[in-house]
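Here's the structure, in C-alpha cells; my notes come after.
The model shown is predicted, which means the values in this text are computed figures rather than measured ones. A note on names: the letters A, B, ... follow the listed sequences, proteins ahead of strands, and every chain is numbered from 1.
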Amino acid sequence: MAQEALLKVNSIDVFHGSFQALWNISLEVRKGEMLALIGANTSGKSTLLDTISGLNHPAGGSIQFEGRNITNLDPYKIVDAGITQIPEGRRIFPDMSVLSNLIMGSYTPRARSKREENLKKVYRHFPILLKRKNQVAKTLSGGEQQMLVIGRGLMSEPKLMMIDEMSLGLAPIIINEIFRTLKEIRDTGLTIIFVEQNVRKSIQEADRAYILENGRVSLCGTSQELCEEEKVRKAYFGI
Amino acid sequence: MTGDSGLLSPIIIGLLYGGLYAMIALGLSMVFGVMRLINLAHGDLVILGSYLSFTLWSYLGFDPIVSLILTIPVLFGLGFVIQQYLMRRAFAISAEAPLIIAFGISLILQNFNQIIWQPQSRGISTTYSMASFNIGPAQFPVSYLLDFVVALVVMLVLREFLRRTYMGRAITAASQDNKAAQLMGVNTRMIYGFAFAIAMISAAIAGTFLGMTFPFTPLSGTQFLIIAFGVVIIGGLGSLFGTFLGGLILGLVQTLAGYFFGAAAQMFFVYLAVLIVLAIRPQGLLGVKR
C-alpha cells in the first residue's frame, strides 16, 4: 500500500468569517487507501471535506490531487477531476426519483459517457436501489437513502470518495452492511476517506486515521499504531 | 361570445383564457421554484415580449408567431443577464435585495415601454387571430384556442426538459439542494442564469400570444403579474402542471363570475378564489409542501 499520494493537503488554514476553523492542517491519502477522519462534532472534519471539495477556499496552504494544484478550483471542476463528496445528512434530491438522483451523479461530461456502465455497477453494489429506482427518493428509508447518496457519488466515476458521517442515525446492522460494501468498492480501485465520530468503529474499519481536535490534527497513524497509542486509548476507549 | 349558448360560452372562454394565464405564470412559477425569487418584473418582461412582437409585426410585417425567432433570444439573453449580473449579487446581500431589484426592473421597463412605444393601447391582429370557430351555437376566436394549445405545449415541453435533460435535472437538483447539486459537479451559478433565461423563453411566448389576445399598454405588466400570482397560488409553486391547472381555474372563475354577476364582479371572485385556496391549501392545489 505504500504508494504515491493521491491527495495531499499542505498546511491549510480555513476561516468561516473571522473564525478560524482549520489550523495548519496537513494530510495525505494514498491510492487505494481507506482513511478515517475522526473527531468530535466541531473539530473541523466537515470543513476539511468541504475545502477539499472547493466549497470553501483556504486562506493559506495548498491542496494537490494527482500532483495537480486544485486549491482554488470551483466545486464543479473538482468533481470533474475525480473527487466526490457524500455530504453529511444524506442530502438526496428529495422530490426526484431514485434513478434521477443517480443520473444527477453522472452530471460531469467525463461521467456522462459511462452512465449505463456505472448504473450497473451501482445496482450491483446496492441491489435495493434497482428495486426502488422509480420511487421518489424521499420515500426511502434512512439506510436506503445513505446507499443512494453513495451510489450517486459512484456515478461520477470518482478516484477519491469522501464520505461525511454516514452512520449518523442508522442501525448498527445497516452501518456494517454499508462498510462491507465500501470495502468492495475500495477493492475495485477507489480511494476512500470517511468521517466518523465513532472512534472504535473507524479505527477498526480504516487502514489509517487522522484525529482532529479543534481544527488541528492531533494524531495520525495506522489503525494498529493508533490502537496502541496511549492517548487514544485513554481518551476514546477508556482503558 | 355571441348567441344564447348559456353556460357553454363562459366555460369555454374561461378555459381558453386560462391557458394564456397559465402561460404567463409559468415563468414566474419556475423562477420562484428554482431561485426562491418573487420576480416582480415578470409581468413587465412578458409585456416587453408583447411590444417586441408588436414592433416586428407592425413595422417589419413579421407574423407574430414568426417574430418569436427574434423575441425568444432577446428575452433569453435578458433573463440570463438579469440573473448573472443583478440577482446573483443581490442574493449575496440579503434575501430582500433581489425583491427590490426586481421591483426596480419593473419600474424601468414600464417607463422604457412608455418612452419607446407611447402610452396608448396596442394590439396585434392577424388573419387567424380574427377568425373564429363554432361549438354548438357559440362562436369563439381562434386566437383563444391557439393560446390554450400553445400554453399546453409550452408547459409539457418545459416539464419534459426539466425531467429528461441534464440541464433540466441540474436546475431541479439545484432548487432542491444547492450544496448537493454543486457536489454533483453542477456549476450552480451558471445553472441559475440558464433557469432564469429559460423562464424568459416562456415569457416571450406568453407576451406574443397575450398581444394577439388582449390590448396592452406600457403599464399592463402589473395587471398580468397579479393574475400570474393568482394562478401560481391556486396551482401551487413548484408544479408546472399545477400552474397550468391554476390558470384554467382562474380563467373559469373569472368568466363564470362575469356571467352570473356581471363584468365588474369578475376580479373580485378571482381574488376570493385565491383567498380560499390560501386558507385551505396554502401550498396550492398541486404544490409541494416545504
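Scanning both residues, A/M96 and B/A173, for their nearest heavy atoms gives CE-N, 3.6 Å.
Interface residue B/I191: only side-chain heavy atoms are found under 4.5 Å from chain A. Contact of A/I83 with chain B is not made at all, since no heavy-atom distance falls under 4.5 Å. At a 4.5 Å heavy-atom cutoff, the contact between A/D50 and chain B is made by side-chain atoms alone. Neither the backbone nor the side chain of A/D80 comes within contact range of chain B; no heavy atom of the residue lies under 4.5 Å from a heavy atom of that chain.
Residue pairs meeting the side chain to side chain donor-acceptor pair (under 3.5 Å) criterion with at least one partner in residues 150-160 of chain B, sequence neighbours excluded, are B/E160-B/R164.
Between A/D95 and B/T172, the closest side-chain pair of non-hydrogen atoms is not below 4.5 Å. For the pair B/K179 and A/Q85, the minimum side-chain heavy-atom distance is below 4.5 Å. Residues A/P75 and B/L183 form no side-chain contact, since every pair of their non-hydrogen atoms from C-beta on lies 4.5 Å or further apart.
More than 12 non-hydrogen atoms from other residues, nucleotides or ligands lie less than 6.0 angstrom from OH of B/Y271. Residue-environment remark: CZ (B/F241) stays at or below the threshold of 12 foreign heavy atoms within 6.0 Å. Residue A/N69 places its CG atom among more than 12 non-hydrogen atoms of other residues, nucleotides or ligands, all under 6.0 Å distant.
In terms of heavy-atom pairs under 4.5 Å with chain A, the best-connected choice from B/M167, B/R189, B/R169 is B/R169. Counting heavy-atom pairs under 4.5 Å between each of A/S100, A/S156, A/G153 and chain B puts A/S100 at the top.
In this view, B/R163 satisfies the salt bridge (Lys or Arg N to Asp or Glu O under 4.0 Å) rule with no residue, not counting sequence neighbours. A/K159 is linked by a salt bridge (Lys or Arg N to Asp or Glu O under 4.0 Å) to A/E66, counting only residues two or more places apart in sequence or in another chain.
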List the steps and the verdict of side chain to side chain contact (heavy atoms under 4.5 Å, CB included) for A/L55 and B/Q182. CA-CA 8 Å; A/L55 293 161; B/Q182 289 193 59; 3.4 Å; yes
Pair B/V186-A/Y76, side chain to side chain contact (heavy atoms under 4.5 Å, CB included): steps then yes or no: CA-CA 6 Å; B/V186 176; A/Y76 69 98; 6.0 Å; no
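For the atom pair OG1 of B/T165 and CD1 of A/I103, the computed distance is 11.0 Å after rounding to the nearest 0.5 Å.
Interface residues of residues 104-131 of chain A toward chain B, defined by a heavy-atom distance below 4.5 Å and sorted by number: A/M104, A/G105, A/S106, A/Y107, A/T108, A/R112, A/R115.
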